[in-house]
Undergrad: 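Sharing a structure here in structure tokens format.
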Amino acid sequence: MEPQTGTNKTTVAEFVLLGLVETEEMQSVVFVLFLFAYLVTVGGNLSILAAILVEPKLHTPMYFFLGNLSMLDVGCITVTVPAMLGQLLSHKRTISYNACLTQLFFFHLLAGMDCFLLTAMAYDRFLAICQPLTYSTRMSQMVQRMLVVMSWTCAFTNALTHTVTLSTLNFCGPNVINHFYCDLPQLFQLSCSSTQFNELLLFVAAAFMAVAPLVLITASYAHVAAAVLRIRSAEGRKKAFSTCGSHLTVVGIFYGTGVFSYMRLGSVESSNKDKGVGVFMTVINPMLNPLIYSLRNTDVQGALCQVLMGRWSLI
């Protein structure tokens with residue numbers, strides 16, 4: 001370990017990521033599984049994005065937000081998995097101090113954007129079902145773009161704040177992270193400075209970035225449920241609920257894993273449960289999202305078939 005220069009007096013120049021498994025045989029299995037998951041996730045999300053772009057029927061606000069979600073999923077898994085695969089290939093578990101902070105910044109940027117984007121999608125369903133007569137004006141292209149820009153701005157501010165405040169902490173050793181990527185709870189445990197302010201900041205940010213969006217999503221779907229139940233036709237109720245089912249599934253998975261991961265800052269040691277939640281957040285969620293939306297949506301299925309048939313015809 002070498003001393004860092006500048007205002008940050010940390011003596012840790014790099015961290016050691018223990019990863020998911022210890023034995024070399026299991027590392028080979030993990031490499032194959034995660035490489036497969038990465039290829040499936042990138043391929044699935046890019047296919048949905050291509051389907052949205054080429055199919056005119058999907059040029060609606062709901063699919064505009066879904067396309068943005070697909071890009072986020074690709075980014076989220078790319079922040080963590082390729083680095084882990086490189087470490088498994090090289091058998092080198094170290095990550096530099098600056099690279100660790102960079103990974104943390106982009107992870108929180110994309111995760112924060114996910115929170116706001118899922119809220120925008122819930123608001124879109126609320127307008128479409130509860131206020132259909134004014135939907136086209138209240139969810140115009142300008143409004144859609146403004147929602148996305150505001151989401152990126154808030155997520156960027158949150159990620160930058162956490163990264164800057166973390167950089168003020170001292171890391172004197174040990175430098176071993178019991179995880180496969182850099183995140184706040186694990187780094188707090190390694191700091192030889194007081195992390196009370198950082199944990200308070202994380203708590204406040206969680207209220208703004210997670211709790212507030214979740215309250216808005218819940219309120220939106222409470223109104224949606226009340227409106228759908230007033231529909232007399234069973235077929236009409238089924239169709240209305242089907243447009244919301246995929247989104248609610250994604251929200252449940254995303255917030256369920258997020259709450260478990262960040263509401264346990266009082267624990268002294270990182271456990272295998274933390275690694276499991278990390279795998280779910282950074283790998284399983286991005287891989288499941290395109291499956292959830294394509295399996296429950298006939299429009300997306302039809303557009304995906306057109307994209308795939310177009311590829312085969314070119315071959």
Undergrad: Quick check: is Ile217 connected to Phe116 through a chain of hydrophobic side chains (ILVMFWY, heavy atoms under 4.5 Å apart)?
TA: no

Undergrad: Of all the heavy-atom pairs spanning His162 and Ala205, show the shortest one and how long it is.
TA: NE2-CB, 3.5 Å

Undergrad: Which heavy atom of Pro61 sits nearest a heavy atom of Gln144, and at what distance?
TA: CG-NE2, 3.2 Å

Undergrad: Is Thr78 close to Pro82 at the side-chain level, that is, under 4.5 Å between some pair of heavy atoms?
TA: yes

Undergrad: What's the spacing between Leu133 CG and Leu127 CG if we round to 0.5 Å?
TA: 12.0 Å

Undergrad: Hey, quick one: are Val16 and Leu184 part of the same hydrophobic cluster, counting side-chain heavy atoms closer than 4.5 Å, chains of contacts allowed?
TA: no

Undergrad: Find out if a path of hydrophobic residues (ILVMFWY) with successive side-chain heavy-atom gaps under 4.5 Å connects Ile292 to Leu248.
TA: yes

Undergrad: Measuring from Leu49:CG to Leu58:CG, what's the distance to the nearest 0.5 Å?
TA: 11.0 Å

Undergrad: Can you sort out the partners of Met26 under side-chain contact (heavy atoms from CB on, under 4.5 Å), two or more places apart, ordered by chain and number?
TA: Val21, Thr23

Undergrad: Determine whether Phe188 and Leu202 make a side-chain contact, defined as any pair of heavy atoms from C-beta on separated by less than 4.5 Å.
TA: yes

Undergrad: Heavy-atom distance under 4.5 Å between the side chains of Met62 and Leu66, does that happen here?
TA: no

Undergrad: What residues, two or more places apart in sequence or in another chain, satisfy side-chain contact (heavy atoms from CB on, under 4.5 Å) together with Phe106?
TA: Val79, Thr102, Leu109

Undergrad: Using 0.5 Å steps for rounding, measure from the CG atom of Leu104 to the CD atom of Gln186.
TA: 10.0 Å

Undergrad: Cut-off 3.5 Å, no hydrogens considered: what does the side-chain donor-acceptor table look like for residues 86-94, sequence neighbours left out?
TA:
residue, atom, partner, partner atom, Å
Ser90, OG, Gly86, O, 2.9
Ser90, OG, Lys92, N, 3.3
Arg93, NH1, Leu18, O, 3.3

Undergrad: Answer yes if Tyr255 and Tyr123 sit in the same cluster of Ile, Leu, Val, Met, Phe, Trp and Tyr residues linked by side chain heavy atoms under 4.5 Å apart, and no otherwise.
TA: yes

Undergrad: List in chain and number order the residues that pass disulfide (SG to SG under 2.5 Å) with Cys130, two or more places apart in sequence or in another chain; answer none if no residue qualifies.
TA: none

Undergrad: Rounded to the nearest 0.5 Å, what's the gap from CG on Leu72 to CG on Leu110? Could you check?
TA: 6.0 Å

Undergrad: Name all residues meeting the side-chain contact (heavy atoms from CB on, under 4.5 Å) criterion together with Ala99; count only those two or more places apart in sequence or in a different chain, and write none if there are none.
TA: Ile95, Ser96

Undergrad: For residues 134-159, which residue pairs pass the ring pair (Phe, Tyr, Trp, His ring centres under 6.0 Å) check, not counting sequence neighbours?
TA: Phe105-Phe156

Undergrad: May I have all residue pairs that pass side chain to side chain donor-acceptor pair (under 3.5 Å) and include part of residues 279-289, sequence neighbours excluded?
TA: Asp73-Asn289

Undergrad: Evaluate side-chain contact (heavy atoms from CB on, under 4.5 Å) for Phe180 paired with Val279, printing each intermediate quantity in order.
TA: CA-CA 9 Å; Phe180 65 97; Val279 170; 3.7 Å; yes

Undergrad: Report the residues that fulfil side-chain contact (heavy atoms from CB on, under 4.5 Å) with Ser193, sequence neighbours left out, ordered by chain and then residue number.
TA: Leu169, Asn170, Ser191

Undergrad: What pairs with Phe126 under ring-ring contact (aromatic ring centres under 6.0 Å, His included), at least two apart in sequence or on another chain?
TA: His223

Undergrad: Using only atom types and a distance under 3.5 Å, with no angle test, would you say the side chain of Ser140 pairs donor to acceptor with the backbone of Ser136?
TA: no

Undergrad: Contact between Tyr181 and Met84 at the side-chain level, heavy atoms closer than 4.5 Å - yes or no?
TA: no

Undergrad: Before giving the answer on side-chain contact (heavy atoms from CB on, under 4.5 Å), spell out for Phe64 and Asn68 the whole-Å C-alpha distance, their side-chain angles and the decisive distance to 0.1 Å.
TA: CA-CA 7 Å; Phe64 171 76; Asn68 279 273; 3.7 Å; yes

Undergrad: According to ring pair (Phe, Tyr, Trp, His ring centres under 6.0 Å), does anything in residues 14-59 pair up with another residue at least two apart or in another chain? List the pairs.
TA: Phe15-Phe171

Undergrad: Heavy atoms, side chains only, cut-off 4.5 Å: are Asn178 and Lys275 in contact?
TA: yes

Undergrad: Quick one: which residue pairs count as a disulfide (SG to SG under 2.5 Å) with a foot in residues 30-80, not counting sequence neighbours?
TA: none

Undergrad: Quick one: closest heavy-atom pair of Ser167 and Leu101, and the distance?
TA: CB-CD2, 3.7 Å

Undergrad: For a quick check under 3.5 Å, do Asp183 and His108 share a side-chain donor-acceptor pair by atom type?
TA: yes

Undergrad: Is any side-chain heavy atom of Ile177 less than 4.5 Å from a side-chain heavy atom of Leu187?
TA: yes

Undergrad: Taking disulfide (SG to SG under 2.5 Å) as the definition, give me every residue that meets it alongside Cys100, ordered by chain and number, with sequence neighbours left out.
TA: Cys182

Undergrad: For Gln131 and Arg138: C-alpha separation, side-chain torsions, deciding distance, then whether side-chain contact (heavy atoms from CB on, under 4.5 Å) applies.
TA: CA-CA 9 Å; Gln131 301 181 12; Arg138 293 196 176 191; 2.5 Å; yes

Undergrad: Treating Ile, Leu, Val, Met, Phe, Trp and Tyr as nodes and any side-chain heavy-atom pair under 4.5 angstrom as an edge, say whether Leu201 and Phe107 lie in one connected cluster.
TA: no

Undergrad: Quick one, Asn45 and Met71 - any side-chain contact, counting heavy atoms below 4.5 Å?
TA: no

Undergrad: Just wondering, do Ile253 and Phe280 contact through their side chains at under 4.5 Å, heavy atoms?
TA: yes

Undergrad: Going through the distances and angles, do Leu147 and Met139 end up as a side-chain contact (heavy atoms from CB on, under 4.5 Å)?
TA: CA-CA 10 Å; Leu147 286 172; Met139 192 53 73; 4.1 Å; yes

